Amino acid sequence: MMVVQAALVLWALAGLVLAALAPAPAYSIEGKWPKPAWIGICAVAAILFALRPIGFLSIFAMVAVGVFFADVRPAVRGHRR
């Protein structure tokens with residue numbers, strides 16, 4: 001269970017770093033939520049995964065981080081600072 005917990009925390013932290021590295025205007029250009037929102041979502045998800053990896057709120061956190069990686073990250077990846 002600790003391996004799953006560590007993997008989820010690292011996944012959310014990777015999302016946090018990638019969200020922080022993308023330029024803020026890229027989010028609005030692509031029609032996504034603003035950069036601080038995605039940074040906050042990934043940060044809260046990392047905290048939730050560290051506290052309780054499998055729980056009601058953690059399911060929502062998994063979906064949110066999954067949306068970031070599947071939809072938001074590919075859209076803002078091509079933009080430069």
Side-chain angles (χ1 to χ4, degrees):
M1 188 60 143
M2 290 186 73
V3 172
V4 171
Q5 184 175 12
L8 288 171
V9 170
L10 289 174
W11 184 49
L13 289 176
L16 179 107
V17 169
L18 292 173
L21 289 176
Y27 290 89
S28 61
I29 289 170
E30 295 297 330
K32 307 299 180 193
W33 285 359
K35 180 178 181 173
W38 286 108
I39 291 172
I41 288 168
C42 291
V44 169
I47 292 168
L48 284 173
F49 295 149
L51 296 176
R52 190 171 191 182
I54 304 299
F56 183 70
L57 292 177
S58 295
I59 301 297
F60 289 117
M62 285 180 210
V63 171
V65 175
V67 166
F68 175 77
F69 276 105
D71 183 42
V72 178
R73 176 68 181 142
V76 298
R77 183 182 337 181
H79 296 274
R80 303 275 184 229
R81 289 184 180 242

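These numbers come from a predicted model, not from an experiment. Only this structure's heavy atoms are used, side chains among them; waters, hydrogens and symmetry mates stay out.
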Undergrad: With a 4.5 Å limit on heavy-atom distance, are the side chains of Val65 and Trp11 in contact?
TA: yes
Undergrad: Looking at side-chain heavy atoms only, is the closest gap between Arg52 and Leu57 below 4.5 Å?
TA: no
Undergrad: Same cluster or not: are Ile29 and Val72 linked, directly or through other Ile, Leu, Val, Met, Phe, Trp or Tyr residues, by side-chain heavy atoms under 4.5 angstrom apart?
TA: no
Undergrad: Between Phe49 and Met62, is there a side-chain heavy-atom distance shorter than 4.5 Å?
TA: yes
Undergrad: To check you understand the geometry: which heavy-atom pair defines the closest contact between Ala45 and Ala61, and what is its length?
TA: CB-CB, 3.7 Å
Undergrad: Contact between Val44 and Leu48 at the side-chain level, heavy atoms closer than 4.5 Å - yes or no?
TA: yes
Undergrad: Shortest non-hydrogen contact from Ser58 to Pro53?
TA: CB-O, 3.3 Å
Undergrad: Do Leu18 and Trp33 sit in the same hydrophobic cluster, where Ile, Leu, Val, Met, Phe, Trp and Tyr count as joined when their side-chain heavy atoms come under 4.5 Å apart?
TA: yes
Undergrad: Can you name the closest pair of heavy atoms from Ala75 and Lys32 and give their distance?
TA: CB-CE, 3.8 Å
Undergrad: Which pair of heavy atoms, one from Ile39 and one from Ala19, lies closest together, and at what distance?
TA: CG1-CB, 4.0 Å
Undergrad: Which heavy atom of Ala70 sits nearest a heavy atom of Pro74, and at what distance?
TA: O-CG, 3.6 Å
Undergrad: If we only count heavy atoms from C-beta on, is the Val76 to Trp38 side-chain gap below 4.5 Å?
TA: no
Undergrad: More than 12 heavy atoms of other residues, nucleotides or ligands under 6.0 Å from CZ of Phe69: is that the case?
TA: yes
Undergrad: Is it the case that the side chain of Lys35 and the backbone of Ala20 share a donor-acceptor pair, with hydrogens and angles ignored and the cut-off at 3.5 Å?
TA: yes
Undergrad: Looking at Ala22, is its backbone amide N or carbonyl O close enough to the side chain of Tyr27 to form a donor-acceptor pair, meaning the two atoms are under 3.5 Å apart?
TA: no
Undergrad: Grouping I, L, V, M, F, W and Y whenever their side-chain heavy atoms are under 4.5 Å apart, do Ile59 and Ile47 come out in a common cluster?
TA: no
Undergrad: To the nearest 0.5 Å, how far apart are CG in Leu21 and CG in Leu16?
TA: 9.5 Å
